[in-house]
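By convention here, the first residue in the shown sequence is residue 1.
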Amino acid sequence: MQDGWERRHAHIELNHEAIRALLEPAFPGCAVVAAEPLSGGLANTNYRVTLAGRDEPVVLRLYTRDETACAREAALARLVAGRVPVAEVLYANPAGAVDGQPYAVLRWVEGVKLERLLAEGDVAGVGGMGRAVGTTLAAIHSFAFPRSGNLGPDLAVTESLGTPREMTEGHVGELLRKPLVRERLGGDLTTRVEALLRDQADTLDAIAEPMTLVQADYKAQNLLLRHDPDGGWRMAAVLDWEFAHAGTPLLDLGILLRYRHTLPPDFTHGVIAGYAEAGGFLPAEWPRLTRLLDLLSLAEFLAWPDANARMVADMRALAERTLEELT
């Protein structure tokens, strides 16, 4: 699950004084006691910061991949608050103050990443984890949009992304024609994926609706969980919303269950049960449709000029598995 992948953007090194200056608008007169870089992301820079006289730490988030993401993430946090657990945005500066890069200050959320919980192998609790993850995903998908597309800072749909079929058949087909992608995937595998798209893309016509909020990075590394008082599990926060857009909700399921062949079956069963019970969109052909939709992500990863060997190997293996399951 992304083991061995490398950061795409260098971590921004900041001393305490630089961090204090960024936090000053949110906390006038603040003093930085400690600042710890947070690992896990592949692009943006995040620090866990402890301030004098404040019991809770905060997160300083600098946007290094997409400068427009700061305003969008802040707007999304306001939109979903109350229905979806997210880190509250305490302050956002879309204009930027570090080499022109926007940044935000977020409330720290206590929890354990799903990635770690799955690695620890809590077999007894994994079904409950899945149910919490599925229930939260259904809440995200409860926000409807009139059409698919990228979202502006006010969350209005801007650039259209087309129907699920157009996104998959068209965009994946375009990426597969790139020399770098063909080289990494190999000629035979590329040809087989292209044939799969020709043969099965029409099945995506069945999910032309609904169009909902799609988190688009709904994976174990971005999901914080914690124990309920009764010993069960609940979602503490969904992190990293910079890729969020309006589209088919099944895209998120494809991302979440991309590595389902490595996951405990009870986790997947819990996800689907929680998602369905909370009103999530789940057609009968969801396993096939999510695999087809996830070709979008696989092709995008293969098109990254700086993708390392481990990432390329992962994408090739997933493409092989998709072909085995769907043909």
Side-chain angles (χ1 to χ4, degrees), residues 1-2 5 137 141 145 147-150 157 159-212 214-219 243-262 268 272 280-307 309-327:
M1 297 173 65
Q2 298 193 1
W5 291 27
L137 187 57
H141 296 162
F145 284 84
R147 59 189 176 92
S148 74
N150 292 318
V157 177
E159 179 187 1
S160 175
L161 293 175
T163 66
R165 177 174 183 167
E166 290 168 342
M167 289 174 63
T168 307
E169 188 177 37
H171 188 50
V172 175
E174 179 183 349
L175 290 170
L176 291 176
R177 289 190 290 273
K178 291 181 176 292
L180 180 61
V181 175
R182 297 187 73 89
E183 176 186 347
R184 287 172 167 173
L185 198 55
D188 177 65
L189 194 51
T190 301
T191 299
R192 291 165 59 202
V193 173
E194 288 173 331
L196 176 70
L197 287 173
R198 286 195 304 271
D199 294 343
Q200 301 197 22
D202 60 346
T203 63
L204 295 169
D205 290 338
I207 55 170
E209 294 181 344
M211 291 292 113
T212 72
V214 177
Q215 203 271 349
D217 209 13
Y218 201 75
K219 60 189 181 184
F243 299 113
H245 62 270
T248 175
L250 291 184
L251 185 66
D252 278 334
L253 268 181
I255 293 169
L256 174 64
L257 300 177
R258 177 178 296 152
Y259 295 95
R260 58 180 174 260
H261 56 285
T262 70
T268 301
I272 298 306
F281 174 64
L282 200 67
E285 287 289 299
W286 71 263
R288 174 179 298 275
L289 293 167
T290 54
R291 281 293 195 209
L292 281 173
L293 288 167
D294 200 41
L295 288 172
L296 281 164
S297 296
L298 305 192
E300 287 279 4
F301 289 140
L302 287 167
W304 286 0
D306 51 355
R310 181 55 188 270
M311 181 188 295
V312 171
D314 279 357
M315 296 306 101
R316 281 181 54 87
L318 286 166
E320 288 275 17
R321 179 167 291 276
T322 297
L323 288 163
E324 290 172 5
E325 293 184 3
L326 301 189
T327 58

Verify, without hydrogens or angle tests, whether [X] (side chain) and [Y] (backbone) share a donor-acceptor contact under 3.5 angstrom.
X      : Y      : answer
Asp294 : Arg258 : no
Thr290 : Pro287 : yes
Ser148 : Gly162 : yes
Thr163 : Glu166 : yes
Gln200 : Leu326 : yes

Roughly how far apart are [X] [atom1] and [Y] [atom2], rounded to 0.5 Å?
X      : Y      : atom1 : atom2 : value
Trp286 : Leu250 : CH2   : CG    : 9.5 Å
Arg291 : Arg321 : CZ    : CZ    : 7.0 Å
Asp217 : Leu256 : CG    : CG    : 11.5 Å

With a 4.5 Å cut-off on side-chain heavy atoms, are [Y] and [X] touching?
X      : Y      : answer
Thr203 : Asp205 : no
Asp314 : Tyr259 : yes
Phe301 : Leu318 : no
Val193 : Leu298 : no
Glu169 : Leu204 : no
Arg184 : Met311 : no
Leu176 : Leu197 : yes
Leu196 : Thr327 : yes

Met211 vs Thr248, side-chain contact (heavy atoms from CB on, under 4.5 Å): CA-CA, chis, key distance, verdict: CA-CA 5 Å; Met211 291 292 113; Thr248 175; 4.3 Å; yes
Would you indicate whether Glu325, at its atom CD, is surrounded by more than 12 heavy atoms from other residues, nucleotides or ligands within a distance under 6.0 Å? yes
Closest heavy-atom pair and its distance - [X], [Y]:
X      : Y      : result
Arg192 : Leu323 : O-CD2, 3.6 Å
Ala299 : Leu175 : CB-CD1, 3.6 Å
Pro210 : Pro249 : O-CD, 3.5 Å
Leu289 : Pro283 : CD1-CG, 3.9 Å
Leu161 : Ala246 : CD1-O, 4.2 Å
Ala216 : Ile255 : O-CD1, 3.5 Å

Please determine which of Leu180, Val312, Thr190 meets the side chain to side chain contact (heavy atoms under 4.5 Å, CB included) test together with Leu185.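 Of the listed options, the one satisfying the test is Thr190.
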Salt bridge present between Glu194 and Arg182 (N-O < 4.0 angstrom): yes
Yes or no on side-chain contact (heavy atoms from CB on, under 4.5 Å) for Leu137 and Tyr218, after CA distance, side-chain angles and deciding distance? CA-CA 8 Å; Leu137 187 57; Tyr218 201 75; 3.8 Å; yes
Determine whether the side chains of Gln215 and Asp252 contain a donor N or O and an acceptor N or O closer than 3.5 Å.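 No pair is found: no donor N or O on one side chain lies under 3.5 Å from an acceptor on the other.
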